Structure formats: C-alpha cells, structure tokens
Amino acid sequence: MDGVADAAAFHTRLKGTFYGMLQWQDLDALWVRVKQGEWFFYQIGETLPERGLSGDELAIRIDALNTLLRKEHDFHLCGIVYADHVEQPTLIKVYDPNNLGSACSRSTTPTPPRWILSIAQPSIIEIDAPVPNNRKRWWQLFSR
C-alpha cells in the first residue's frame, strides 16, 4: 500500500469497533498483553513515532501512562481506554482524563484520543486545539 492508502486504512480502523476497559482490572490485563509485544506509542499533536517500542522502553511508558490515568481519572471505573480487541489488541485509544469532551459520542466531531498505541505505524491525527502544556511536558519525559 502507498502512504495515502495506509493512512486511510488506519483512520478507518480508528473509527471501527472498540471495546472499553470499564474496570481498572480490565486495563491492568490489557497492559500485561501490550507489554508482551511491540507497539507504536503516539501522543496526538506530537511527531509520529518512527519505530515501535518493546521491552523495558515500552513498559516504562505504559506504567507512566497508567499512573497518569489513575491519578487524573480518580473514579471507581476506568472507561477511558478502548481496544479493537480485548484479548489480542492491535489498536488502542486512550482518552485524556482532562479532556474527555465528546469522546463517547457518535457526533461528527468527537474528541480525539490523546494517545494511540498501535502494532502498525499510525497516521497523523489532526486536532483543532493545541496540545496542553502539561501533556507536552509529560511526553518530553520520554524524549530525553
């Protein structure tokens, strides 16, 4: 496939069926599966990742994201992480606890996720608003 077709296929998958990690233990189980593979980790609004992450490098980012989600989404239920498949995920959308907007709605302009994890190279996701400084700083922790 060419770049345009790859991007179109990625965006089609992104709009497909996803399953929510409603309970925190569902998210824990998802992270265990993710840490066993190689994943592109993309923060929307930042540069696309050039390579997938695995091993300790991936685990550090997953653990940091998990900590951020639990701290900033201090609710009994998770409900802000969605995977295309529960047992064998290939694409995961993680919504920002501080910018949920219309993430769950089917409106024509739903709030995009803040983070994407994908086993295939993701495509750019355009956003209308600038990335908040706290998210830029969080992402920069991994760019050093």
Side-chain angles (χ1 to χ4, degrees), residues 1-73 78-144:
M1 263 195 257
D2 62 32
V4 174
D6 289 344
F10 174 78
H11 286 281
T12 297
R13 289 184 56 225
L14 199 60
K15 293 177 183 174
T17 301
F18 281 79
Y19 303 92
M21 303 302 115
L22 186 57
Q23 304 291 328
W24 288 108
Q25 59 264 30
D26 298 336
L27 182 60
D28 294 338
L30 179 67
W31 290 150
V32 167
R33 288 188 282 282
V34 167
K35 288 179 182 180
Q36 295 172 6
E38 181 175 312
W39 291 80
F40 288 89
F41 195 123
Y42 172 41
Q43 178 170 290
I44 309 305
E46 298 293 334
T47 304
L48 280 174
E50 294 179 6
R51 63 182 179 85
L53 305 174
S54 61
D56 289 343
E57 191 175 19
L58 177 62
I60 287 168
R61 287 196 190 199
I62 294 297
D63 292 345
L65 180 58
N66 188 56
T67 298
L68 181 146
L69 295 177
R70 289 173 188 265
K71 178 182 176 192
E72 295 186 13
H73 190 66
C78 175
I80 57 174
V81 179
Y82 298 84
D84 60 350
H85 299 282
V86 175
E87 294 299 322
Q88 296 179 331
T90 62
L91 184 60
I92 299 168
K93 301 188 288 189
V94 181
Y95 288 88
D96 190 334
N98 292 327
N99 187 27
L100 294 176
S102 61
C104 298
S105 98
R106 294 276 182 192
S107 74
T108 57
T109 56
T111 301
R114 175 65 60 207
W115 299 277
I116 296 287
L117 285 90
S118 176
I119 62 169
Q121 174 72 44
S123 295
I124 290 178
I125 297 173
E126 300 293 335
I127 56 173
D128 294 331
V131 176
N133 286 332
N134 64 336
R135 294 301 179 239
K136 285 182 182 181
R137 287 188 300 274
W138 184 85
W139 191 251
Q140 289 170 351
L141 292 173
F142 305 107
S143 301
R144 298 176 185 172

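The model shown is predicted, which means the values in this text are computed figures rather than measured ones. Computed from heavy atoms alone, side chains included, the values below leave out hydrogens, waters and symmetry copies.
With rounding to the nearest 0.5 angstrom, the CD1 atom of Ile116 is 13.5 Å from the CZ atom of Phe40. The CG atom of Leu117 sits 7.0 Å away from atom CG of Leu65, with the distance rounded to the nearest 0.5 Å. From Asp84, atom CG reaches atom CD1 of Ile92 across 7.5 Å, with rounding to the nearest 0.5 Å. Here the straight-line distance linking atom CD of Gln43 with atom OG1 of Thr47 works out to 10.5 Å at 0.5 Å rounding. Between atom CG of residue Asn134 and atom CH2 of residue Trp139 there is a gap of 14.5 Å, rounded to the nearest 0.5 Å.
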Just list the side-chain donor-acceptor pairs under 3.5 Å for residues 54-62, sequence neighbours left out, or say none.
from, atom 1, to, atom 2, distance (Å)
Glu57, OE1, Arg51, NH1, 3.1
Glu57, OE1, Arg51, NH2, 3.3
Glu57, OE2, Arg51, NH2, 2.7
Arg61, NH2, Phe142, O, 3.4

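Checked by atom type and distance alone, the side chain of Gln121 pairs as donor or acceptor with a backbone atom of Pro49 at under 3.5 Å. Side-chain N or O atoms of His85 include none that pairs as donor or acceptor with a backbone N or O of Thr90 at under 3.5 Å.
Between Leu14 and Phe18, the closest heavy-atom pair is O-CE1, 3.4 Å. Pro113 and Val94 get closest at one heavy-atom pair: CB-O, 3.5 Å.
Looking at Asp28 and Met21, their side chains never come closer than 4.5 Å, going by heavy atoms from C-beta outward. When side chains are defined from C-beta on, His73 does not count as touching Leu68, because their heavy atoms never get closer than 4.5 Å. Using a 4.5 Å heavy-atom cutoff, the side chains of Phe10 and Leu91 are in contact. Two residues are said to be in side-chain contact when any heavy atoms from C-beta on lie closer than 4.5 Å; Cys78 and Leu69 fail this criterion. At a threshold of 4.5 Å between non-hydrogen side-chain atoms, the residues Pro89 and Trp39 count as touching. In this structure the side chain of Ile124 reaches within 4.5 angstrom of the side chain of Tyr42, judged on heavy atoms. A 4.5 Å side-chain heavy-atom check between Val131 and Ile44 finds every atom pair outside the cut-off. Here the side chains of Lys93 and Val81 are not in contact, with every heavy-atom distance at 4.5 Å or above.
Applying the side-chain hydrogen bond (donor to acceptor under 3.5 Å, both in side chains) criterion to Asp26, with sequence neighbours excluded, gives no partner residue.
In this pair, Tyr82 and Tyr95 present their aromatic rings perpendicular. The plane angle is above 60°, beyond the 30 to 60° band.
Side-chain contact, Asn66 with Arg70: a donor N or O sits under 3.5 Å from an acceptor N or O.
Residue Glu50 places its CD atom among 12 or fewer non-hydrogen atoms of other residues, nucleotides or ligands, all under 6.0 Å distant.
Annotation: salt bridge (charged side-chain N to carboxylate O under 4.0 Å, His left out) contacts involving residues 110-128, sequence neighbours excluded, comprise Asp96-Arg114.
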In sequence, state the C-alpha distance, the side-chain angles, and the governing distance for Trp31 and Asp63, and then conclude on side-chain contact (heavy atoms from CB on, under 4.5 Å). CA-CA 9 Å; Trp31 290 150; Asp63 292 345; over 6 Å; no
